[in-house]
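Quick caveat: nothing in here was measured; it's all calculated off a predicted structure. Naming: A, B, ... by sequence-line order, numbering from 1 per chain.
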Amino acid sequence: MAVTGDETETGTSGDLTACQLQNTGSSLPQGGAETSTQGIVKSANPSQKREHRLMKNREAARECRRKKKEYVKCLENRVAVLENQNKTLIEELRSLKDIYRHKVE
DNA sequence: ATGCACCCGCGTCACCTGTA
DNA sequence: TACAGGTGACGCGGGTGCAT
């Protein structure tokens, strides 16, 4: 059979998982005694806490968008690969039908 | 040059979910 | 149960292409 000239095999090929939008789980080391997650002192005043929260969220949003963009790009690549694969298979089917027709004639 | 529509990235808020 | 992180939704400002 051999899908000619295609790097991926038929069906759900391996790199599907490469497009998964997963949590990288930034694994922040839980800080020691007085600090919360990232250096902000637990006893910080409310406005400091708010600033810190906004800053963290800002970064989180940036990262989230970056990952989403990467994910979309990955899906687009996969679409391109599958479209090529589809074309190749259609072509193969066509030539097999041709061969078969000549045999029965 | 200018007005307009469209796109993109950003910051913020609100909500959800997982974890200690 | 409080807290932190991820993400959808919203509004805003700047860049770009196009018609006038």
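Scanning all heavy atoms of the two residues, the minimum distance from A:R101 to A:D98 falls at NH2-OD1, 3.0 Å.
Atom pair A:M55:CE and B:dC10:P shows a separation of 16 Å (rounding to whole Å applied). A:R58 places its CZ atom 22 Å from the P atom of C:dC10, with the value rounded to the nearest Å. Atom-to-atom, CZ of A:R66 to P of C:dG6 comes out at 11 Å; the value is rounded to the nearest Å. As a whole-Å value, the separation of A:E59 CD from B:dG11 C1' is 12 Å. Rounded to whole Å, the distance from NZ on A:K68 to P on B:dG9 is 12 Å.
Checking the phosphate oxygens (OP1, OP2) of C:dA4, no side-chain nitrogen or oxygen of A:R53 falls inside 4.0 Å. Checking the phosphate oxygens (OP1, OP2) of C:dT7, a side-chain nitrogen or oxygen of A:K67 falls inside 4.0 Å. The phosphate of C:dC3 has neither OP1 nor OP2 within less than 4.0 Å of any side-chain N or O from A:K49. For the OP1/OP2 pair of C:dG6 and a distance below 4.0 Å, the side-chain nitrogens and oxygens of A:K56 include no atom meeting the criterion. At B:dG9, none of the side-chain N or O atoms of A:R62 fall inside 4.0 Å of OP1 or OP2 (strictly under the cut-off).
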Next on the checklist: Between A:E70 and A:R66, does the salt bridge (charged side-chain N to carboxylate O under 4.0 Å, His left out) criterion hold? Intermediate values first, please.
Outcome noted: CA-CA 6 Å; A:E70 197 176 316; A:R66 190 193 61 75; 2.8 Å; yes

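Atom-to-atom distance recorded for A:K69:NZ and A:R65:CZ is 11.0 Å, nearest 0.5 angstrom.
When heavy atoms are screened at a 4.0 angstrom cut-off, A:R65 is found touching base atoms of the nucleic acid. Nucleic acid contact for A:R50: sugar-phosphate only, since backbone atoms but no base atoms lie under 4.0 Å from a heavy atom of the residue.
Each of A:H52, A:K56, A:E51 was scored for a side-chain contact (heavy atoms from CB on, under 4.5 Å) with A:L54, with one residue passing: A:E51.
Nearest to the side-chain atoms of A:N57 among the listed nucleotides B:dG9, B:dG11, C:dT7 stands C:dT7.
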